[in-house]
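Reviewing the structure listed below.
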Amino acid sequence: MALRVLVLGAAAGGGFPQWNSNNEASRRARAGDPAARPCTQSSLAVSADGRNWVLLNASPDLRQQINDNPQLHPKEGVRHSPIVSVVLTNGDVDHVSGLLTLRESHPLAVYGTGRVLSVLDGNSIFNVLNPAFVDRRRITLDQAFEPAAKDGRPSGVVIEPFSVPGKVALYLEDAGAGANFGTVEEDTIGLGLAERGGTAYCYYIPGCAAIPPGLGERLEGAPLVMFDGTLWRDDEMVVQQAGVKTGRRMGHLSMAGSEGTIAAFAALGIGRKVFLHINNTNPVLLADSPERAEAEAAGWEIGYDGMEIVL
Ligand code: MLT
Ligand code: MN
């Protein structure tokens, strides 16, 4: 037994290259430059037995991600999928819209906080996941659970959901609700992932706005942390004229600087540190950039589609 983690999509919302991005990095990616490897949108799969997989977020690129990863190909009979359940970490478009790909009356279980499930309940298009086949199961913060298939078969992966600093999904922002746009605790969660009955464990936190002391203590000494790598610096989208928002405004802590993720993790003694959810403006996507060299020198790995880690 082991805990297997498969990166389905290492990019943030929009992917790399993003459909309307004409920046140099996106042009290099489209030209097939090996130092500018394309990445699909944010999602992970985890398995305790290598046969049954739990999706962590469902990206709009899910169809391509399934086709690209033989672990997720149908294996038996006329209709089959190794995907038994899906766990959502927030209600963002890049994390929930792939659920629509999982229609076709296939048995599944979808797990989310009450807040995130209320988004699915409030958008009738998600009823294409035929309720007769797809359960929606509510998770409770700080209560470990073992995702199971629709028929109750346990996955062997124990998941601990916990709130992290973040922001409500863009399309749910309430401008009248003050500085946090109506964000609540259940809007953005991190996941502790462990093998049932084993010793392997890791953390998956694809969106995070800050690292308060309690979060640092939780992550300290972990064998593997996969963490929000949206931006290199907070004003990067503004400087590149790719948008008007800072990372802070979007609910993402940036990598660089004395207040950044790289500095915050420096003393935590983590075995492997992997950036995921990387925005198309982030220079670490380019294998020959000084920022990539700086992140790697600080002990970080830059996630990529198809990256598989066995713990
Ligand atoms: C985010 O991670 O900030 C969101 O996915 C942004 C978006 O919805 O495009
Ligand atoms: Mn996102």
Side-chain angles (χ1 to χ4, degrees), residues 1-10 15 38-89 93-112 116-117 120-121 123-139 144-159 161 191 193-198 200 202 204 226 304-311:
M1 290 286 279
L3 194 63
R4 285 168 197 280
V5 177
L6 175 63
V7 177
L8 300 179
C39 297
T40 61
Q41 296 169 79
S42 179
S43 176
L44 213 69
V46 61
S47 177
D49 60 10
R51 281 174 1 100
N52 297 292
W53 291 83
V54 177
L55 287 189
L56 307 180
N57 294 317
S59 108
D61 298 320
L62 182 55
R63 179 180 172 278
Q64 179 188 337
Q65 293 166 343
I66 292 170
N67 286 338
D68 287 348
N69 290 279
Q71 298 92 324
L72 302 185
H73 291 178
K75 303 275 190 305
E76 304 154 10
V78 177
R79 288 276 194 274
H80 172 257
S81 173
I83 298 169
V84 292
S85 49
V86 186
V87 181
L88 304 169
T89 64
V93 170
D94 53 347
H95 286 164
V96 303
S97 58
L99 290 174
L100 302 177
T101 298
L102 298 174
R103 61 196 183 280
E104 315 296 359
S105 293
H106 191 95
L108 283 170
V110 177
Y111 293 82
V116 170
L117 292 187
L120 306 186
D121 294 345
N123 287 274
S124 53
I125 193 169
F126 288 106
N127 292 336
V128 294
L129 296 178
N130 184 343
F133 290 84
V134 181
D135 281 357
R136 295 179 190 179
R137 298 178 183 162
R138 183 174 176 170
I139 61 179
F145 67 101
E146 181 173 346
K150 160 77 175 165
D151 65 9
R153 267 178 307 127
S155 61
V157 180
V158 177
I159 297 188
L191 303 176
L193 312 171
E195 175 194 17
R196 178 176 19 95
C202 63
Y204 171 55
M226 293 160 287
Y304 56 88
D305 291 15
M307 179 184 206
E308 188 168 8
I309 296 174
V310 182
L311 292 167

Side-chain contact, heavy-atom cut-off 4.5 Å: Leu55 with Leu8?
yes

Nearest atoms (heavy-atom pairs only) where Ala58 meets Leu62
CB-CD2, 4.4 Å

Could you grab the distance from atom OG of Ser42 to atom OH of Tyr204, nearest 0.5 Å is fine?
4.0 Å

So do Val54 and Pro147 actually touch side chain to side chain, heavy atoms under 4.5 Å?
yes

Do the side chain of His80 and the main chain of Lys75 share a donor and acceptor less than 3.5 angstrom apart?
yes

Residues which pass side-chain hydrogen bond (donor to acceptor under 3.5 Å, both in side chains) with Asn67, listed by chain and number, not counting sequence neighbours
none

Can you measure from CG (Asn69) to CD (Gln64) and round to the nearest 0.5 angstrom?
9.5 Å

Once salt bridge (charged side-chain N to carboxylate O under 4.0 Å, His left out) is applied, what residue pairs with a partner in residues 124-139 remain, sequence neighbours excluded?
Asp121-Arg136, Asp135-Arg137, Asp135-Lys150

Going by side-chain hydrogen bond (donor to acceptor under 3.5 Å, both in side chains), name the residues that satisfy it together with Asn123, two or more places apart in sequence or in a different chain.
none

Indicate yes or no for a side-chain donor-acceptor contact from Asn127 to the backbone of Asn130 under 3.5 Å, with no hydrogens or angles considered.
no

Decide yes or no for Ile159 and Leu56: does some side-chain heavy atom of the first lie under 4.5 Å from some side-chain heavy atom of the second?
yes

Specify the closest pair of heavy atoms between Val157 and Ser47, including all atoms of both residues, with the distance to one decimal.
CG2-C, 4.1 Å

Keeping the roles fixed (side chain from Asp49, backbone from Arg51), state whether a donor-acceptor pair exists under 3.5 Å.
yes

How about Leu108 and Phe133: do any of their side-chain heavy atoms sit closer than 4.5 Å?
no

Atom CD of Glu146 and atom CZ of Arg196: how far apart are they, to the nearest 0.5 Å?
4.0 Å

Residues which pass side-chain hydrogen bond (donor to acceptor under 3.5 Å, both in side chains) with Thr89, listed by chain and number, not counting sequence neighbours:
Asn57

In terms of heavy-atom contacts, Ala48 and Ser155 come closest through CB-O, 3.7 Å

State, with a plain yes or no, whether a side-chain heavy atom of Met226 is found less than 4.5 Å away from one of Val5.
yes

Which atom names give the shortest non-hydrogen contact between His106 and Val134, and what distance separates them?
O-CG2, 3.6 Å

Kindly indicate whether the side chain of Leu44, heavy atoms from C-beta on, has any atom under 4.5 Å from the side chain of Leu6.
no

Going from SG on Cys39 to CE on Met307, what distance comes out if it is rounded to the nearest 0.5 angstrom?
11.0 Å

Side-chain heavy atoms of Ser43 within contact of His95, under 4.5 Å:
no

Residues which pass ring pair (Phe, Tyr, Trp, His ring centres under 6.0 Å) with Tyr111, listed by chain and number, not counting sequence neighbours:
Phe145

Set of residues satisfying side-chain hydrogen bond (donor to acceptor under 3.5 Å, both in side chains) with respect to Thr40, sequence neighbours excluded:
Gln65, Asp305

Distance from Arg4 atom CZ to Leu193 atom CG, nearest 0.5 Å?
15.0 Å

Between the main-chain N or O of Gln41 and the side-chain N or O of Ser59, is there a donor-acceptor pair closer than 3.5 Å?
yes

What I'd like to find out is whether the side chain of Leu3 reaches to under 4.5 Å of the side chain of Cys202, using heavy atoms alone.
yes

Working to the nearest 0.5 Å, report the span between CG of Leu100 and CZ of Arg63.
14.5 Å

What heavy-atom pair brings Trp53 and Glu308 nearest, and what distance separates the two atoms?
CH2-OE2, 3.8 Å

